Amino acid sequence: SLAEHLVRQIKQLVPPEQVEGAFQAMAIGIAAEITDEMGDDGNSVALEEWLERVTAFLNQRGYLACWDTVEPVDDMDADDGNRENGYLLHKYNCPYADVSTEHSELCLMDQALINALLGRPCERINSMAENGGCCTYRIGPIEGVQPEPATLNVQWADWTAPAPAG
């Protein structure tokens, strides 16, 4: 397939110790281009609204994505009583399904894309490449990690997806 050929070419051109970083840099670059195209008017976007927009973006690219809320678990050690909900982002289709089992860098690239789009680290808890029914990412309040304002302050109203090539 074309995807497999491209991955093999990249892996031949990039030193082995830099391959994962190259794929992650591509994902971060893609996320930056997308947020730049949309513009930033400085108005904060609530995380749930942002998840709607990220999900719509992923769906426009064939990921068949959705998200849902996860109720907080009581933490007996929490002194502050902070019980914010967590979130799960699910992707039921993978554009790299035919090559991701042999080239795990593609899963790392998608992980970096999700992290960059959401402006916070997310944990992949299910993977299609590992025989899961979908790829699922846990997104939640992460102590000590603040979302980057440029990522969460994006104005999507004026943005439209580019037409598919071909």
Side-chain angles (χ1 to χ4, degrees), residues 1-40 45 47-68 70 86-156 159 161-162 164-165:
S1 74
L2 177 61
E4 185 170 11
H5 180 73
L6 289 172
V7 171
R8 286 182 192 208
Q9 287 294 314
I10 291 169
K11 290 171 88 170
Q12 288 176 356
L13 296 172
V14 176
E17 66 276 5
Q18 295 178 6
V19 169
E20 286 183 13
F23 279 92
Q24 290 176 354
M26 281 191 282
I28 292 167
I30 291 167
E33 287 177 22
I34 293 163
T35 56
D36 285 348
E37 286 176 17
M38 292 181 289
D40 181 359
V45 175
L47 182 55
E48 290 185 357
E49 174 64 21
W50 184 245
L51 281 166
E52 285 291 328
R53 294 172 180 185
V54 167
T55 301
F57 165 80
L58 292 170
N59 286 336
Q60 289 171 342
R61 280 139 187 89
Y63 280 94
L64 303 178
C66 64
W67 65 273
D68 57 74
V70 178
Y87 302 91
L88 296 176
L89 175 66
H90 309 282
K91 297 185 311 181
Y92 289 93
N93 188 44
C94 177
Y96 327 108
D98 58 337
V99 294
S100 62
T101 54
E102 293 180 33
H103 300 286
S104 62
E105 300 86 4
L106 295 169
C107 293
L108 293 173
M109 183 176 73
D110 257 15
Q111 174 80 52
L113 177 63
I114 297 299
N115 291 352
L117 286 173
L118 291 171
R120 62 183 67 208
C122 303
E123 176 189 8
R124 190 177 64 221
I125 59 174
N126 197 28
S127 172
M128 293 175 72
E130 297 170 0
N131 298 321
C134 67
C135 290
T136 299
Y137 301 86
R138 185 188 330 257
I139 307 151
I142 300 177
E143 192 172 322
V145 176
Q146 295 296 318
E148 293 181 22
T151 304
L152 293 178
N153 293 335
V154 175
Q155 182 62 261
W156 282 67
W159 182 78

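Computed from a predicted model, the values in this text were never measured in an experiment.
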Q) Passes side-chain contact (heavy atoms from CB on, under 4.5 Å), E130 versus C107? Steps please. A) CA-CA 10 Å; E130 297 170 0; C107 293; over 6 Å; no
Q. Between K91 and D110, is there a side-chain N and carboxylate O pair less than 4.0 Å apart?
A.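 Salt bridge present between K91 and D110.
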Check [X] against [Y] and note the closest heavy-atom contact, atom names and distance.
X: A31; Y: L117; result: CB-CD2, 4.1 Å
X: I114; Y: C122; result: CG2-SG, 4.0 Å
X: M128; Y: Y92; result: CE-O, 3.8 Å

(Q) Please determine whether side-chain contact (heavy atoms from CB on, under 4.5 Å) holds for the pair T55 and L89, giving the CA-CA distance in whole Å, both sets of side-chain angles, and the decisive distance to 0.1 Å. (A) CA-CA 8 Å; T55 301; L89 175 66; 3.7 Å; yes
**Q.** Distance (rounded to the nearest 0.5 Å) between L88 CG and I125 CD1
**A.**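 Output value for this atom pair is 5.0 Å.
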Q: Mind checking the CD1-CG spacing from I28 to N115? Nearest 0.5 Å is all I need.
A: 8.0 Å
(Q) Does either side chain, that of H90 or that of D68, offer a donor lying less than 3.5 Å from an acceptor on the other one? (A)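 Present: a donor and an acceptor within the cut-off.
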Donor-acceptor pair, distance only, cut-off 3.5 Å: does the side chain of [X] make one with the backbone of [Y]?
X: N93; Y: L64; result: no
X: E105; Y: Q24; result: no
X: N59; Y: A65; result: yes

Q: Would you please test M109 and Y96 for side-chain contact (heavy atoms from CB on, under 4.5 Å) and show each step?
A: CA-CA 11 Å; M109 183 176 73; Y96 327 108; 3.3 Å; yes
Q.
Counting only heavy atoms not in E4 (residues, nucleotides, ligands), do more than 12 fall under 6.0 Å from its CD?
A.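 Counting neighbours around CD of E4, more than 12 heavy atoms of other residues, nucleotides or ligands fall under 6.0 Å, so yes.
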Q: Please lay out, stage by stage, how R8 and K11 fare under the test side-chain contact (heavy atoms from CB on, under 4.5 Å).
A: CA-CA 5 Å; R8 286 182 192 208; K11 290 171 88 170; 5.7 Å; no
